[in-house]
Amino acid sequence: MNRVMIWLFFALILSGFMHFLPLNAVAGESTATEGRQHGLSFSDMKVEISSHGKRATFRLYDTVAAEEFHEQLPLELELSNFRDAQWMFYPPEKLNVKPEEAYHDGRKGELSYYEPWGDVFMLYRDFHAGDEMHRLGVVLSGVEEIAAMSGKAVIRQVQSSSSEKENVMRIAVTAGGKTVIYELNDSQAAKELYGQLPLNIAVEDYGSNEKIFYPPQKLSTSNTPLAENVRKGTLAYYAPWGDVVLFHDDFRSAPGLYGLGHAVEGAEHIGSLSGQIRVTPDSSQ
């Protein structure tokens, strides 16, 4: 076999490994973002993917493939890592995709589908695919938690019916043009916090993993659960000091720390909150 034939042989093998490559390894940071102008509209469907205490919520597009994926939930499936850029899993039934959903330049936080293999995947890095991928949705919250997932994952629908929205307390915390949406639990402390809104109030840093503010009136902790398994996005109340705590990193449980709720959108903005914040009922419900 001469050198030309050897080169052609290895070129063919290499092309088979071009299913996915990290974007900066293929075309650099200046690669055109063809997917950002894809024109797909969003649906009301949302899904949550959780693994080892890490959670990410995605909003699905209004496509046949996204609806078919949504209808298969809930699922508990094994995650597989590919190219240090994505976690992928295989739903029981394949999805029907269309050309307008296809793209090559993937962005961190996208939920997509690769038809030849039948896998759904979450991107935690930008990357380029030699073959076509198909869009299913984009992350709403928890984008920084995707990379830390592994092993088994639970994929479930996030219910958003009108009746449920009416019964769930949600608040918006806004500063510097960025908003974090929290869903409150049904505790006495959460109800009393909700009853004090709206608030324009100072937020402070405490330690390396939390922001705090002091509501005008202290909250009663009767019928309020202790905050356990505290992670990024947890909203809590520290009764000894009377402050509300917005965690932007994981934390251990502590005496006197009670759970109020958790971030459902914009958790990535918690760490950047500063100065005066506005806390209001969530008007997007």
Can you find a heavy atom in the side chain of [X] that is under 4.5 Å from one in the side chain of [Y]?
X: V264; Y: V158; result: no
X: E110; Y: V139; result: no
X: K152; Y: L79; result: no
X: L60; Y: V47; result: yes
X: L197; Y: T280; result: no
X: F213; Y: D243; result: no
X: S51; Y: W87; result: no
X: N209; Y: V230; result: no

Residues that [X] engages under side-chain contact (heavy atoms from CB on, under 4.5 Å), provided they are two or more places apart:
X: K94; value: Y113
X: S50; value: E48, R55, V154
X: A147; value: Y124

Q. Are I277 and V180 connected in the hydrophobic side-chain network, where two residues link if heavy atoms are under 4.5 Å apart?
A.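 Yes, one cluster joins them.
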Q: Report yes or no: do M45 and L140 belong to one cluster of Ile/Leu/Val/Met/Phe/Trp/Tyr joined by side chain heavy-atom distances under 4.5 Å?
A: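 Unlinked, M45 and L140 end up in two clusters.
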Under the side chain to side chain donor-acceptor pair (under 3.5 Å) test, which residues partner [X], sequence neighbours left out?
X: N185; result: S187
X: T224; result: none
X: S112; result: Y103

Rounded to the nearest 0.5 Å, what separation is found between the [atom1] atom of [X] and the [atom2] atom of [Y]?
X: T63; Y: H70; atom1: OG1; atom2: NE2; result: 12.0 Å
X: I171; Y: Y182; atom1: CD1; atom2: OH; result: 7.5 Å
X: F58; Y: I155; atom1: CZ; atom2: CD1; result: 10.5 Å
X: R135; Y: L111; atom1: CZ; atom2: CG; result: 11.5 Å
X: S222; Y: Q188; atom1: OG; atom2: CD; result: 5.0 Å
X: H262; Y: I181; atom1: NE2; atom2: CD1; result: 12.0 Å

Q. Are E265 and R170 ion-paired here, with the side-chain N under 4.0 Å from a carboxylate O?
A.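 Yes, E265 and R170 are salt-bridged.
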(Q) Going by side-chain contact (heavy atoms from CB on, under 4.5 Å), M88 matches just one of D119, L123, V120. Which one? (A) D119
Q | Of L260, V173, I212, the residue whose pairing with L246 passes side-chain contact (heavy atoms from CB on, under 4.5 Å) | A |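 That would be V173; it is the only one of L260, V173, I212 passing the side-chain contact (heavy atoms from CB on, under 4.5 Å) with L246.
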Q. Under the 3.5 angstrom rule, does the side chain of Q86 hit a backbone N or O of N81 as a donor-acceptor pair?
A.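 No, Q86 side chain to N81 backbone: no donor-acceptor pair under 3.5 Å.
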**Q.** Under 3.5 Å: donor-acceptor pair, side chain of H248, backbone of E210
**A.** yes
Q) Which pairs pass salt bridge (charged side-chain N to carboxylate O under 4.0 Å, His left out) with one or both residues in residues 136-147, sequence neighbours excluded? A)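 Found K108-E144.
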Q: Give every residue pair that meets the salt bridge (charged side-chain N to carboxylate O under 4.0 Å, His left out) criterion with at least one member in residues 56-76, sequence neighbours excluded.
A: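 Found none.
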How close do [X] and [Y] get, counting heavy atoms only, and between which atoms?
X: A239; Y: T221; value: CB-CG2, 4.1 Å
X: A85; Y: F127; value: CB-CD2, 3.9 Å
X: L95; Y: Q72; value: CD2-NE2, 3.6 Å
X: S141; Y: A267; value: CB-N, 4.4 Å
X: G109; Y: V143; value: CA-CG2, 3.9 Å
X: G118; Y: P91; value: O-CD, 3.5 Å

Mind checking what makes salt bridge (Lys or Arg N to Asp or Glu O under 4.0 Å) contact with [X], not counting sequence neighbours?
X: R231; answer: none
X: R278; answer: none
X: K232; answer: none
X: D205; answer: K211

Q | Check: D131/Y114 side-chain N/O donor and acceptor closer than 3.5 Å | A | yes
**Q.** Distance-only donor-acceptor check, side chains E192 and Q196, under 3.5 Å
**A.**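 Judged by distance alone, the side chains do not pair up.
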(Q) Parallel, tilted or perpendicular: which one describes the rings of W117 and F82, with boundaries at 30° and 60°? (A) perpendicular
(Q) Does F121 form a side-chain contact (heavy atoms from CB on, under 4.5 Å) with M133? I'd like the steps, not just the answer. (A) CA-CA 10 Å; F121 56 93; M133 305 173 292; 3.5 Å; yes
Q | K191 and M169: CA distance, side-chain angles, deciding distance, side-chain contact (heavy atoms from CB on, under 4.5 Å) verdict | A | CA-CA 8 Å; K191 291 175 181 177; M169 296 180 293; 3.8 Å; yes
Q.
Tell me if the OH atom of Y206 is crowded by more than 12 foreign heavy atoms within 6.0 Å.
A.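 Not buried by this count: 12 neighbours or fewer within 6.0 Å.
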Q: Dump the intermediate steps for side-chain contact (heavy atoms from CB on, under 4.5 Å) on Y238 and Y258, then the final yes or no.
A: CA-CA 6 Å; Y238 187 55; Y258 294 86; over 6 Å; no
**Q.** Worked verdict on V245 versus F251 for side-chain contact (heavy atoms from CB on, under 4.5 Å)
**A.** CA-CA 11 Å; V245 187; F251 184 68; over 6 Å; no
